[in-house]
Every structure is written in structure tokens, then in C-alpha cells.
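First up is the structure itself, then whatever we jot down about it.
All ligand and atom numbering here is 1-based and tracks the order in the structure. Numbering of residues begins at 1 and proceeds along the displayed sequence.
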Amino acid sequence: MTTPAWPRLPRLETAVARTLLLGWVLARVADAEGTPVRAYNLTWKSTNFKTILEWEPKPIDYVYTVQISSALGDWKSVCFSLTVTECDLTSEIAQDVRQTYLAKVLSLLPNNTGFVEDAHYRNSPEFTPYLETKLGQPKIESFKQVGTKLNVTIHDTQTSVRSNGTFLSLRDIFGKNLNYILYYWKASTTGKKTAMTNTNEFLIDVEKGQDYCFLVQAVIPSRKVNKKSPESITVCTRQEKGVFREMLFIVGPVILVIIIVIILSLFLHKCRKAKARQSGKENSPLNIV
Ligand SMILES: *[C@@H]1O[C@H](CO)[C@@H](O)[C@H](O)[C@H]1NC(C)=O
Ligand SMILES: *[C@@H]1O[C@H](CO)[C@@H](O)[C@H](O)[C@H]1NC(C)=O
Ligand SMILES: *[C@@H]1O[C@H](CO)[C@@H](O)[C@H](O)[C@H]1NC(C)=O
Ligand SMILES: *[C@@H]1O[C@H](CO)[C@@H](O)[C@H](O)[C@H]1NC(C)=O
């Protein structure tokens, strides 16, 4: 028995095959430079309705165009001939934040205006702003501690969503679905308490004369995703210092008067002593003589 021999190419044929292979590789490389690459990793980045679509890769010798459509509408081209990999779609989704939107990214040669092959565009995931836009970090607008009450007011952030020509706030859009959680604790301890409101204001009971620290967080309990915002920065009341300052304000002038009286009486005492000594001097020679 003989082992089957693999067919061998003659030398000439091998050389031709190599050349062909090299040619094919070179052709692919050249091709890659000029051919639009299909976009991938399409991602919605959205906070407080400010909405940007991002994708990869960075284009070389071609451009991107983005189209958007709501479930009801036609496709509309928004960003044209982009050499970057993002497109701001805020003004499109702001027209109806409860709609579900779909976007697609087309890869085109710079002067291409015609038909786009399947291979040269990709659809984004669906996006419903009302359900999915992230809640931005809330800001504490003002706070006041009077006696046993602490009043905290949260800034109602304005969005780029318009109605009748005016910009709507988060509260305008979400109504009572938008809640805020207050985390608060005595400045001297770490045990946190929480309170919740469906307005932008807290009025909570605290201990008189105690300093408190607190922060807030926005939450939409009915949501499945992106329920909570990041936490606000922490702020603290300055109750004792306030009292101290008030006391200083009242007691200050009294102390000043007392100090003046002491200095004056010391001065007068010295004067009297000096006078007494002088009269003593005037008398003593007489005594000696
Ligand atoms: C898409 O992005 C994720 C992270 O953002 C990354 O891990 C993944 O590799 C990307 N996909 C491709 C095809 O590059
Ligand atoms: C498009 O651009 C290519 C090179 O980038 C050029 O050869 C071609 O003539 C252009 N076509 C039109 C219609 O301008
Ligand atoms: C809490 O403070 C806000 C802003 O200073 C004020 O408008 C509101 O009336 C206060 N609420 C109470 C109950 O004092
Ligand atoms: C917008 O304005 C019209 C007329 O000015 C009014 O009827 C309508 O209720 C307003 N819509 C909103 C959301 O304010």
C-alpha cells in the first residue's frame, strides 16, 4: 500500500497563484480605503431629553448621514455628510417625547446621493424618550432651617422640549410621576433618614439647634430602566454658627461698652493716683521743713 500523494503544483503555477493572491490582498486593501464601512455599536445617549446618537467607527474617506423615524412618521434625514460619529437628535425627539423612535446611520461616499445598499446602513435600537432618557443630577436650589423645620427646595430643571413656544421643565413633562428622595442626617452622626415628595419641596421635622446634612435624588418609580438620577451634592445647615453669630450681634455691643467702662475707670483710677501722689509731693517738703 502507498500513501496517497497530494497533487503538487508545478513551479510556474505556484508563482502565478502567489501573484494572484498578492493582487487580491492589495485589491482588498485599496477597496477598504475607498469603501464606506457599515456603522456599528449604535447607542442612544440621553439625559433630561438632550439626546445624541453615537456609533463607530471613525470614517476614512467616506461620510455618514443619519435618518430618524417615529413609529408613525416617514424617514427624515437629520445629520448630513458627517465626518464624526455622533448626531444630536434632541430637536427631533422633543416633538413628541412619548413616541418610539428608530434611527439609521448610512455610510456614503462624499458625493453619493443615490441608492444605498443594505450593507451600508444600520438601524439603531428603538428609543422612547419618556421611558428611557436618564435623569440628570438634581440641584438643591435653596434650604432653610427654622426651629424644628427644615425646608429644602429642588431646582426644576428646564429641558429642550418645547410646547407652545416655551421650554418645559422636568416637572411639566413628568408631572407627579417624578419624585424626589431626600436623604438627611444629623451632622454629628451618620444614621440617614429618608423622605419622599412628588413636588420640588421638602418640609421635614428636625431637632432644634442641630446641624443637618442632606442630599437629594430624582426617581420615577414607574420606570423599568433608568429609574434614579445620580445623587445631588451634599449640603449642610449651619444652625449653631447662626445662633452664635446672632448672639455675638446682641452681646457684642454690651461687651464693647463693658470694655470701654473698664478702660475708662482704670484711666480715671490712674489719674486720681497721680494726683494724690502730686499732692503728696507738695505736702512732704513742708513736712520735712
Ligand atoms: C461595542 O462597544 C462595546 C463597549 O461599548 C465594546 O465592548 C464592543 O467591543 C463594541 N463592539 C464592537 C463590534 O466593536
Ligand atoms: C464622486 O467622487 C469620486 C471620487 O471621490 C469621483 O471619481 C466621481 O467622479 C464623483 N462623482 C460625482 C458624481 O461627482
Ligand atoms: C420653603 O422655601 C421655599 C423657597 O424659599 C418657599 O417658597 C416655601 O414657601 C417654603 N415652604 C414653607 C412651608 O415654608
Ligand atoms: C397652547 O396654546 C393654545 C392656544 O394658545 C392652547 O389652547 C393650548 O392649551 C396650549 N397648550 C399647552 C400645552 O399649553
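Aromatic ring centres of F49 and F174 lie closer together than 6.0 Å.
Under the 30°/60° scheme for interplanar angles, the aromatic rings of F127 and W44 are found to lie parallel.
Of the possible polar contacts, none joining the T85 side chain to the K58 backbone as a donor-acceptor pair under 3.5 Å is found. Judged by distance alone, with hydrogens and angles left aside, the side-chain atoms of R38 form no donor-acceptor pair with the main-chain N or O of S107 at under 3.5 Å.
Among V152, L203, T153, N151, the residue whose heavy atom lies nearest to atom 8 (C) of ligand 3 is N151.
Remark: distances from the non-hydrogen atoms of E201 to ligand 3 include one below 4.0 Å.
Of the protein's non-hydrogen atoms, the one nearest atom 5 (O) of ligand 3 is S142 OG, 4.0 Å.
There is a protein heavy atom closer than 4.0 angstrom to atom 2 (O) of ligand 3.
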